[in-house]
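Single-structure report; data block below.
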There are 2 protein chains.
Amino acid sequence: MVPENILNAYQASVEKYKKDEVIFEENDNAHHYFQIHQGQVKMNNYNENGKEFIQGIFYAGDSFGEPPLFADIKYPAAAVALEDSLIYKLSKPKLINLLEEQPKVHFHITERLSKRLFYKSLMASEISSEEPEHRIVSLLHFLKKHVHHLKDHEEFEVDLKRQQIADLTGLRVETVIRACKNLEKKNKIRIIKRKIFF
Amino acid sequence: MVPENILNAYQASVEKYKKDEVIFEENDNAHHYFQIHQGQVKMNNYNENGKEFIQGIFYAGDSFGEPPLFADIKYPAAAVALEDSLIYKLSKPKLINLLEEQPKVHFHITERLSKRLFYKSLMASEISSEEPEHRIVSLLHFLKKHVHHLKDHEEFEVDLKRQQIADLTGLRVETVIRACKNLEKKNKIRIIKRKIFF
DNA sequence: AATTCAACTTGACTGAAATCATAAACTAAA
DNA sequence: TTTAGTTTATGATTTCAGTCAAGTTGAATT
């Protein structure tokens, strides 16, 4: 996350995206750094059968889609606004220039990439080897600890639809529903008015 | 990848690890930067039932296990030498100092993290939504393009055992064997003396 | 209050990969 | 050239998440 005054100093623009508007597509070349001022963004893929996989969901303050700015690769997934959003946009050359001049900001970006990698490692091993209930609990635990910055014993309301949980964990929505009911029975989560608390 | 003369200038040590020796464990705190001088290293997890998942395999010149040096997280996986190896080891404070003084090296690290993230994004969507054959082809394609730096039409010998392919793609070894036989029938890979060519 | 629409739910059935068991092929060492 | 150990291979069976088809619930809009 680059401080907004610095983004402004380097002439970042602020772009409006409507809910469901595509910010970039899978396999596009990257030309800009993106950081959310207001709103929510998901990065996702669709396979041949139309099944969605959500690589991540990003919130105000988060940057997304940085890797192709730093390595010779294309976007591995698309980015789509989940709600009407305001997003800082800074051209690649200006970003590189910024990072050269502001080493501290470069370390912030490095930290951000590291955390994304941590999440990916976690979910990779979960998706590859664990049962539905375990995958879901791991996702919720990650959200509690690393997104909401809460302790284990603190409870939070999960701001995800069943379908989104499915698309983040590689499951189907019916499986998520059934697994969540089981987790409720086992007192691992609470469900109040269909909302999940963990 | 940090140039070796720079590593030496910052007093990195070179450590010997025997085949199968553990370099660090899952959930350990990170204190050092690691870069392979000679040999091979894998990072992996085991689930409760003993099933292995390989997060990645690293070769001479590669660094590994950087993220917990930059973010407040533990190692998401263990690191194990796949053969007798010589590995540069640099303490975290010295690394940070190095990156502050050598911005170009910092950009190398950023590039490296970005490429890892790309691989992870790719495999995540594959593992979550694709059939065995598709997963295997995607892995091989990644290896051809991003590890061996070959064009699509160029062929290379895959230096992975069936079990390793299974552990990288979240499949079981029997499934990999059967999928590979199918891929051979479809002329998508060649198998000569049990070695896979792609 | 009626209508619409998205999100969630449930039950029945299916199928593909996991599992299990066993063996063949290869490799390296004694 | 045996032997021991690893890797690859194959068939039979099982299992559990996926699929399909139908609801229900609840919130928003007319």
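None of these values were measured; they are calculated from a predicted model. Order of the sequence lines fixes the chain letters, A, B, ..., with proteins taken first and strands second; residue numbering starts at 1 for each chain.
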query: Is the distance between the ring centroids of B:Phe156 and B:Phe197 less than 6.0 Å?
result: no

- line: Taking D:dT8, C:dT10, C:dC8 as options, the one with an atom nearest any side-chain atom of A:Arg162 is C:dC8

- prompt: Would a hydrophobic clustering, with Ile, Leu, Val, Met, Phe, Trp and Tyr connected at side-chain separations under 4.5 Å, put A:Leu117 with B:Ile23?
  reply: no

Contacts under 3.5 Å, N or O only, protein and nucleotides 14-18 of chain C:
unit_1, atom_1, unit_2, atom_2, d
C:dA18, OP2, B:Arg172, N, 3.4
C:dA18, OP2, B:Thr175, OG1, 2.3

task: Step through the shown structure and confirm whether more than 12 heavy atoms of other residues, nucleotides or ligands are within 6.0 Å of CG on B:Asp72.
output: no

- request: Rounded off to whole Å, could you give me the NZ-to-C1' distance for the B:Lys195 and D:dT7 pair?
  value: 10 Å

query: Between atom CD1 in B:Ile177 and atom C1' in D:dT6, what is the gap in whole Å?
result: 12 Å

- prompt: When the distance from CG of A:Asn49 to P of D:dC20 is rounded to whole Å, what number comes out?
  reply: 10 Å

task: In whole angstrom, give the distance that lies between atom CD1 of A:Ile136 and atom P of C:dC8.
output: 13 Å

task: May I ask you to say what A:Lys181 touches in the nucleic acid, namely base, sugar-phosphate or nothing, with a heavy-atom cut-off under 4.0 Å?
output: sugar-phosphate

task: Take atom CD of A:Glu52 and atom P of D:dG18, then tell me their distance rounded to the nearest Å.
output: 15 Å

task: Give me the ring orientation class for A:Phe70 and B:Phe107: parallel if the planes are under 30° apart, tilted from 30 to 60°, perpendicular past 60°.
output: tilted

message: Tell me the interatomic distance from A:Asp159, atom CG, to C:dA7, atom P, rounded to whole angstroms.
response: 13 Å

message: Starting the side chain at C-beta, find the nucleotide from C:dT9, C:dT19, C:dA24 nearest to B:Arg194.
response: C:dA24

- request: For A:Ile127 and D:dA17, give me the distance from atom CD1 to atom P, rounded to whole Å.
  value: 14 Å

query: Does a side chain donor of either B:Asn8 or B:Glu4 reach within less than 3.5 Å of an acceptor in the other side chain?
result: no

- request: Could you tell me if the ring centre of B:Phe24 sits under 6.0 Å from that of B:Phe34?
  value: yes

message: Tell me the interatomic distance from A:Ile192, atom CD1, to D:dG26, atom P, rounded to whole angstroms.
response: 14 Å

- request: Please confirm whether the backbone N or O of B:Lys18 pairs with a side-chain atom of B:Glu21, one donor and one acceptor, at under 3.5 Å?
  value: yes

